[in-house]
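Just so we're clear, the structure is a prediction, and the values are computed from it rather than from any experiment. For reference, positions follow the sequence shown, starting with 1.
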Amino acid sequence: MIKYSIIIPVYQCEKYLESCVHSVLNQLNTDFEILLIDDGSSDGSAELADELASQNERIRVFHQQNSGAASARNRGIKESRGKYLLFFDADDSIEDKLFKNIDEIINEKERELIVFGVNFDYYRNDCMERSEVLSCAHKGEYSVEQVMKEFENFFWDNSLSGTWNKVFSRKIIRENNLQFQEGMIIYEDLNFVLSYLQHIKEIFFINQSFYHYRNELDNNRFSDRVSDLIRLRENNSHLLFTQLKLGEQYKNENKQFLKVSENLYLTFLRQNIMVNHYSVSEMKVLLPEYCSENQFKQLMQQGNELTDDNKKILGQIRQGDFNKLYWVFKKRKIISGTKKKIKKIINMTGMKKFR
């Protein structure tokens, strides 16, 4: 059996795909396959994927109509042959010692889940402006029960939210019919990880960074994802369902976990308001409906603690104080817009980056 299957969704990424693939081919361990899932690309990515596969027998390509990254990853799971699965993005890359480090841990004993650190590289006009290392604060083996008790710490150091910095067991995924939830617009990775945690007992953490996640500073992709409140609410319904299911499984250790869940739900709402220009009358209709989600109510009944900002916003919505809420966000948008203009001017003039 092949040791690792690397699943890479391919969509409009001709510029970066070859670099991503070669960062995998450069690994010292050669016991792997690369699955390139072309998700209906029209920019030359599909042809490049075929060309790369013709040059190396460890690369396999599958073409499908555009259905989204979740669908492409699910196709990769179906076609995979490796004992362990890794999910990379086509515009990212890995360091050449990743598999060597994973091998050392796996050779000790079989692992259910391995998590390693990430370098978040920020680019503007193809020039990297800065890089932030986000390694796991924890090191070694932890039970899922321990992780649930300290969930806030594990979540905020980015140990759990992505799938690109993890090594999964193909057997566990297949036996439990785990898939990425298609149609989700944000945090579909977290949803998959939380579903996976329901079927394992232990996680091994490596507090070193081996994955380079590419961030385009001029990209508005995140704003686009949170802009539609109806789609965002549907998205969060899937996430809330998974969160509540895992929380029920670890009922005695889930206080921090549920705190993160309810705050995340309201944080999405804040981000949605920031990218939209709601009138007071629109807020009166849209915001109470968002906060009336049954699963969110279940979270709130657990008596967990909201952040001060989320507490204020929820209180204003429940009290119907939409005029005040409108002006709070109006002020925030003015401040945020001013900062962006200053940053743009500084970047254009080559001055020191504004923080």
Side-chain angles (χ1 to χ4, degrees), residues 137 144-163 180-181 183-198 203 222-223 225-276 278 283-322 324-325 328-329 332:
V144 176
E145 183 177 328
Q146 287 174 293
V147 171
M148 293 296 289
K149 286 179 180 178
E150 301 178 52
F151 191 84
E152 203 168 2
N153 295 329
F154 285 97
F155 180 80
W156 292 118
D157 75 1
N158 213 57
S159 295
L160 299 172
S161 55
T163 51
F180 288 84
Q181 180 66 52
M184 289 186 71
I185 54 176
I186 192 169
Y187 269 137
E188 67 272 18
D189 284 19
L190 176 62
N191 192 69
F192 181 84
V193 172
L194 297 182
S195 296
Y196 188 86
L197 291 184
Q198 295 171 32
I203 309 173
F222 180 80
S223 296
R225 287 178 178 181
V226 299
S227 62
D228 187 331
L229 193 59
I230 294 175
R231 286 197 68 193
L232 188 60
R233 185 181 177 187
E234 292 172 353
N235 180 95
N236 292 344
S237 291
H238 294 300
L239 189 55
L240 284 170
F241 175 81
T242 306
Q243 289 167 331
L244 286 166
K245 194 173 179 183
L246 180 59
E248 182 63 27
Q249 189 171 327
Y250 289 93
K251 191 175 292 185
N252 296 327
E253 294 86 18
N254 68 1
K255 186 175 181 181
Q256 277 200 22
F257 172 66
L258 295 179
K259 177 185 175 182
V260 170
S261 300
E262 65 186 12
N263 276 293
L264 191 61
Y265 188 80
L266 288 171
T267 298
F268 284 143
L269 178 60
R270 287 195 287 110
Q271 291 164 339
N272 172 269
I273 297 172
M274 283 295 291
V275 301
N276 284 293
Y278 294 135
M283 283 186 169
K284 286 181 179 178
V285 175
L286 295 172
L287 306 194
E289 186 175 354
Y290 180 89
C291 294
S292 66
E293 172 69 50
N294 286 331
Q295 291 166 330
F296 176 63
K297 287 180 178 179
Q298 289 180 47
L299 279 176
M300 294 302 297
Q301 288 168 1
Q302 306 282 341
N304 298 297
E305 183 182 345
L306 291 172
T307 63
D308 289 342
D309 201 14
N310 284 335
K311 193 182 295 183
K312 286 178 184 177
I313 290 168
L314 184 60
Q316 288 165 347
I317 293 172
R318 287 177 169 175
Q319 293 164 20
D321 196 354
F322 295 102
K324 184 174 182 180
L325 195 61
V328 165
F329 278 91
R332 291 183 184 183

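- The shortest side-chain heavy-atom distance between I273 and M283 falls under the 4.5 Å cut-off.
- Here the side chain of E253 pairs no donor or acceptor atom with the backbone of M148 at under 3.5 angstrom.
- Within a 6.0 Å sphere centred on CZ of F241, other residues, nucleotides and ligands contribute 12 heavy atoms or fewer.
- In this structure, CG on D228 lies 12.5 Å from CZ on R233, to the nearest 0.5 angstrom.
- Side-chain atoms of N310 never come within 3.5 Å of backbone atoms of R270 as a donor-acceptor pair (strictly under, hydrogens ignored).
- Applying ring pair (Phe, Tyr, Trp, His ring centres under 6.0 Å) to Y187 and the options F192, F180, F268 leaves one that passes, F268.
- For the pair N191 (side chain) and T242 (backbone), a donor-acceptor distance under 3.5 Å is absent.
- Distance check: L266 CG to K312 NZ gives 14.5 Å after rounding to the nearest 0.5 Å.
- The shortest side-chain heavy-atom distance between L197 and I203 falls under the 4.5 Å cut-off.
- When all heavy atoms of C291 and L269 are compared, the pair lying nearest together is SG-CD2, 4.0 Å.
- For the atom pair CG of L287 and CZ of R318, the computed distance is 13.0 Å after rounding to the nearest 0.5 Å.
- A pairwise comparison of heavy atoms in E293 and S237 identifies OE1-OG, 3.2 Å as the closest pair.
- A pairwise comparison of heavy atoms in V193 and G162 identifies CG2-O, 3.7 Å as the closest pair.
- In terms of modelled atom types and a separation under 3.5 Å, the side chain of Q256 and the main chain of F151 share a donor-acceptor contact.
- At least one side-chain heavy atom of E305 sits under 4.5 Å from a side-chain heavy atom of K259.
- Using modelled atom types, one finds a donor on one side chain and an acceptor on the other under 3.5 Å when comparing S159 with D157.
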* To do: Verify side-chain contact (heavy atoms from CB on, under 4.5 Å) between Q271 and M274, making sure each step is shown before the conclusion.
  => CA-CA 5 Å; Q271 291 164 339; M274 283 295 291; 5.6 Å; no
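- Between the N272 side chain and the V226 main chain, a donor and an acceptor come within less than 3.5 Å of each other.
- In terms of heavy atoms, F155 sits closest to S161 at CE1-CB, 4.3 Å.
- The heavy-atom pair separating D189 from T163 by the smallest distance is OD2-OG1, 3.0 Å.
- The heavy-atom pair separating N254 from E248 by the smallest distance is ND2-N, 4.4 Å.
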* To do: Kindly determine whether L229 and N276 satisfy side-chain contact (heavy atoms from CB on, under 4.5 Å), including the steps that lead there.
  => CA-CA 10 Å; L229 193 59; N276 284 293; 6.0 Å; no
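- Atom CG of L160 sits about 9.5 Å away from atom CZ of F257, to the nearest 0.5 Å.
- Taking 4.5 Å as the limit, every side-chain heavy atom of Y278 sits out of range of all side-chain heavy atoms of L325.
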* Asked: Passes side-chain contact (heavy atoms from CB on, under 4.5 Å), L314 versus M300? Steps please.
  -> CA-CA 11 Å; L314 184 60; M300 294 302 297; 3.7 Å; yes
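- Interatomic distance, CG of L258 versus CD of Q301, reported as 12.0 Å (0.5 Å rounding).
- By the ring-ring contact (aromatic ring centres under 6.0 Å, His included) test, F296 pairs with Y265, sequence neighbours left out.
- Taken to the nearest 0.5 Å, the CD atom of E262 stands 10.0 Å off from the CD atom of Q243.
- Cation-pi geometry between R225 and F222 is not met: the NZ or CZ atom fails to fall both under 6.0 Å from the ring centre and inside 45° of the normal.
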